[in-house]
Number of protein chains: 2
Amino acid sequence: MSTKRKTTIQDLADYANVSIGTVDRVIHKRGKVSPDKQKKVEEAIKKLNFNPNLLARTLALGQQFVICSLFPGTTHPNSYWSLPKRGVTEAVVDYRDYGLECHAMEYSLFDELSFVEKADAIIDMNPDGVILAPLFEKESLLFIKKLDEKKIPYVFIDAVIPNQKNLSYIGPDLKGSGHVAGKLMSSMLNSFDDILILNFVKGLENSHINIIEKGFREFFSSSKDLGNGKINSVTVPSIEEADITRELTKYYIKNPETKGVFVTNSRAHIIAKYHAMHELPIKLIGFDMLEANILEMKNGNIDFLISQRPISQGAMAVKTLFEFFVQKKTPAKIRHVPLDIIIKENIDYHIKLQEPVNDKL
Amino acid sequence: MSTKRKTTIQDLADYANVSIGTVDRVIHKRGKVSPDKQKKVEEAIKKLNFNPNLLARTLALGQQFVICSLFPGTTHPNSYWSLPKRGVTEAVVDYRDYGLECHAMEYSLFDELSFVEKADAIIDMNPDGVILAPLFEKESLLFIKKLDEKKIPYVFIDAVIPNQKNLSYIGPDLKGSGHVAGKLMSSMLNSFDDILILNFVKGLENSHINIIEKGFREFFSSSKDLGNGKINSVTVPSIEEADITRELTKYYIKNPETKGVFVTNSRAHIIAKYHAMHELPIKLIGFDMLEANILEMKNGNIDFLISQRPISQGAMAVKTLFEFFVQKKTPAKIRHVPLDIIIKENIDYHIKLQEPVNDKL
DNA sequence: TAAAAAAATGTGTGCCTACACATATTAATG
DNA sequence: CATTAATATGTGTAGGCACACATTTTTTTA
């Protein structure tokens, strides 16, 4: 099956009776072209509908882009942060032939110093772009100040520090995720049922949590028909299962009428197991499709999970930087990922999508 | 920022003390290489971690791929089928430089003959691959028989004819979508509430609808605690608003206790308007993020929409064919898209994702 | 008006691969 | 051992583009 060839610069040159060198100067606005030929070439570009071949261009330029990612380390093999990381890795493969390379750096969520160390290492590496999950706000600010100085573009992922010069933020709308959780909770409960909001503290995640909780409460307060029960929030200053269990027991003994729990991070599975063990018919909503959460959802111990497409986030971040480098595309400053509502009945399709792609060659 | 260059075939040649011609023969298993040099080159590939540059390869081959899509025509500007079409178009742009070209064909959902005509046109065109929405089963079977004869690979999208030689099916799990709808409905209603399943007929969609309805009923029958109310189904043999309204009125007068409606296609917006007009507090679940459905959801007249990522479907189909052509990747035969649960609170994020990408260059 | 300077335009090479073709090496045959 | 056949190996070119450099044309200056 043959079809019309694509227009090349040689075609333009022929049309305008000039050499490809002149065409090239026009295309790249390098000047040194007489006005009449300039016009003629521009006419050719329009008339022949010229689109430069990105492949050939890339090949000719032989450019090399190095980006660094700085994410929290994956404590468990299937923890949340392995997912954005996966998205980055997969996207980098797509752009490998275009000269893109990525160095993945990790810091510990329990150690600000590790963040600083890795950040410095990135600065030393002098990359072309950075993908950053700015969970330590203070340290992140110091880091991006250096990036700004070196004019290295950076993309925030998953979390955001407002009013910075980041190229883009790719992640959830935290308040919106609270709204979604509120709606889902209200659809399962009666308006007078009591609800518990459960926060965990670790590092600087606090500020985020507050916004999620705010959104959740906002949903109920925006309607007089809803949320006539109590909505309490408890913050457990630990992510240890023992600590959580203890706090939970304390709370439930005091508040036996609790009908729904909203866990503002990815650890709903711990609560789910607790509910199952104590045969508590309490509705449960949490975040993220971790292995453990998937299991508890399938066991019927989690009713809704809200997922923020962590893999897509990673892939989008890479794509954003690449398009900025190669095509000078300026992305939207804020790009909220869809908040996927996961239930037992549709979770398998989402898992399938998470699975690595098939064999090569 | 400089970094180690990527390994080229020249590097391999140097390492193995042969010419690039020999390297090429090894890479492409063209034979005519002495065993010792063969081994040496293979060693070089491993040691230098060689990955052929897809860009240079594509450029060198100068290959041209032509695919055709055969979808139902878009009756309204924002109808369902404009979305997969959008996905195809956008993906084709991504692969344009790789020599991919797509001819979009459309048939009328009310005219089998138009399908046959376009199908024949595609056969005449002798494309390298086809993306097909096989909504007319009988005619589709004739079409793919011809495709099989000509060894033209094809991908089913949105709908599937079982047991064919299609490269892949990309679309929803229909029964699963019924399960999801069932779960969502049950979460909103009491177990003894009456439910109406609403089907519309147009063309051969019937068979699909039956499966969706089956899934919906299956969900309720699988639990003794649920679905103790009546679950009736009505099939309206038209998609005209007037006809639908009449049938609905007839039904509601006979069944005033109806508490929930499940519309098995994308026309929930019509029912939504009816409910609003008559002030009926009936829960409503439908499919697909059409403009009209989005509006009614925002108005509060639709509770849940189930979306099957129509844009992704189109994009995935293109990607599948391309990877099959270029990288000989064999896709999974069935790829069910995630069933997105859309509510008023998360619809905006999904709309944003649907919007066309930003400016170029 | 010739020479020098400036501006405009053209040419050639590299990027990496695939493939046709040319050449070199080895094996087989009389 | 010379000759042919078979096999192995090397070379050249195309593909579209960017860029450095060479060459031509025009303008300026003495």
Side-chain angles (χ1 to χ4, degrees), chain A residues 2-42 44-45 48-65 96-100 325-328 361, chain B residues 2 4-41 44-45 48-65 96-100 325-328 361:
Chain A
S2 77
T3 167
K4 65 267 176 194
R5 240 177 64 278
K6 283 197 57 186
T7 303
T8 72
I9 52 169
Q10 186 60 61
D11 296 333
L12 299 180
D14 293 345
Y15 180 97
N17 273 321
V18 294
S19 74
I20 59 167
T22 303
V23 171
D24 183 66
R25 273 179 284 270
V26 172
I27 292 174
H28 295 93
K29 303 189 175 76
R30 266 195 265 281
K32 316 209 176 206
V33 179
S34 63
D36 53 331
K37 304 216 169 181
Q38 169 93 24
K39 239 176 69 185
K40 195 87 177 142
V41 171
E42 279 167 356
I45 292 175
L48 302 182
N49 185 30
F50 171 77
N51 278 102
N53 187 320
L54 194 60
L55 269 66
R57 169 174 291 178
T58 306
L59 208 52
L61 284 175
Q63 38 195 353
Q64 207 75 11
F65 305 108
R96 198 182 46 199
D97 289 332
Y98 290 88
L100 188 72
F325 294 148
V326 175
Q327 301 167 42
K328 311 289 175 218
L361 197 108
Chain B
S2 76
K4 66 263 175 197
R5 241 179 60 279
K6 284 198 56 185
T7 305
T8 72
I9 52 169
Q10 185 61 61
D11 297 332
L12 299 180
D14 294 344
Y15 181 97
N17 273 320
V18 294
S19 74
I20 58 167
T22 303
V23 172
D24 184 65
R25 272 179 282 270
V26 172
I27 291 173
H28 294 94
K29 304 189 174 77
R30 266 195 266 279
K32 317 209 175 207
V33 178
S34 63
D36 53 332
K37 302 216 170 183
Q38 170 92 25
K39 239 176 69 187
K40 194 88 176 138
V41 172
I45 291 176
L48 302 182
N49 186 30
F50 171 77
N51 278 102
N53 186 321
L54 194 60
L55 269 64
R57 169 176 291 174
T58 305
L59 211 51
L61 285 176
Q63 37 196 354
Q64 207 75 12
F65 305 108
R96 198 182 46 197
D97 290 333
Y98 289 88
L100 187 72
F325 294 147
V326 175
Q327 302 167 43
K328 312 288 175 221
L361 194 107

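So that the names make sense, note that chain A is the first sequence line, chain B the second, and so on, each numbered from 1. We use all heavy atoms of the structure for the numbers below, so side chains are in, but hydrogens, waters and symmetry mates are not.
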Rounded off to whole Å, could you give me the CG-to-C1' distance for the B:Leu55 and D:dG16 pair? 11 Å

Residues of residues 12-19 of chain A with a heavy atom under 4.0 Å from any atom of DNA chain D, listed by number, are none

In this structure, how many angstroms lie between the P atom of C:dG14 and the CD atom of A:Gln64, rounded? 19 Å

N/O (side chain, A:Lys37) to phosphate O (OP1/OP2, C:dT9) under 4.0 Å: yes

With a 4.5 Å cut-off on side-chain heavy atoms, are A:Asp24 and A:Arg30 touching? yes

A:Val33 meets the side chain to side chain contact (heavy atoms under 4.5 Å, CB included) criterion, sequence neighbours left out, with A:Thr22, A:Arg25, A:Val26, A:Lys37, A:Gln38

C:dC15 C1' sits how many Å from A:Gln63 CD, rounded? 12 Å

Do B:Leu61 and B:Thr58 have side chains that approach each other closer than 4.5 Å (heavy atoms only, starting at C-beta)? no

For B:Leu54 and C:dA18, what is the distance between atoms CG and P respectively, to the nearest whole Å? 10 Å

Any side-chain N or O of A:Thr58 less than 4.0 Å from the OP1 or OP2 oxygen of D:dC17? no

Any A:Thr22 side-chain N or O less than 4.0 Å from OP1/OP2 of C:dG10: yes

State whether B:Thr8 places a side-chain N or O below 4.0 Å from either non-bridging phosphate oxygen (OP1 or OP2) of C:dC15. no

Below 4.5 Å, heavy atoms only, C-beta onward: do A:Phe50 and A:Ile27 meet side chain to side chain? yes

In whole Å, what is the span from the CD atom of B:Gln38 to the P atom of D:dA8? 10 Å

Heavy-atom pair of closest approach, residues B:Asn51 and B:Lys6: O-NZ, 3.9 Å

A:Lys6 NZ - D:dG16 C1' separation (whole Å): 10 Å

Among A:Thr7, A:Asp14, A:Thr8, the one residue meeting side-chain hydrogen bond (donor to acceptor under 3.5 Å, both in side chains) with A:Gln10: A:Asp14

From CG of B:Asn53 over to P of C:dC15, roughly how many Å is that when rounded to an integer? 12 Å

Separation of atom NZ in A:Lys32 from atom P in D:dT26, rounded to whole Å: 18 Å

Check the orientation of A:Tyr98 and B:Tyr98. Use parallel for under 30°, tilted for 30 to 60°, and perpendicular for over 60°. perpendicular

N/O donor-acceptor pair under 3.5 Å between A:Asp97 side chain and B:Leu54 backbone: yes

At what distance, to the nearest 0.5 angstrom, does CG of A:Leu48 lie from CG of A:Asp11? 6.5 Å

Report all interatomic pairs (protein N or O, nucleotide N or O of nucleotides 18-22 of chain D) with separations under 3.5 Å.
| residue | atom | partner | partner atom | Å |
| --- | --- | --- | --- | --- |
| D:dA18 | OP1 | A:His28 | NE2 | 2.8 |
| D:dA18 | OP1 | A:Arg57 | NE | 2.4 |
| D:dA18 | OP1 | A:Arg57 | NH2 | 2.8 |
| D:dA18 | OP2 | A:Asp24 | OD1 | 3.4 |
| D:dC19 | OP2 | A:Arg30 | NH1 | 2.7 |
| D:dC19 | OP2 | A:Arg30 | NH2 | 2.8 |

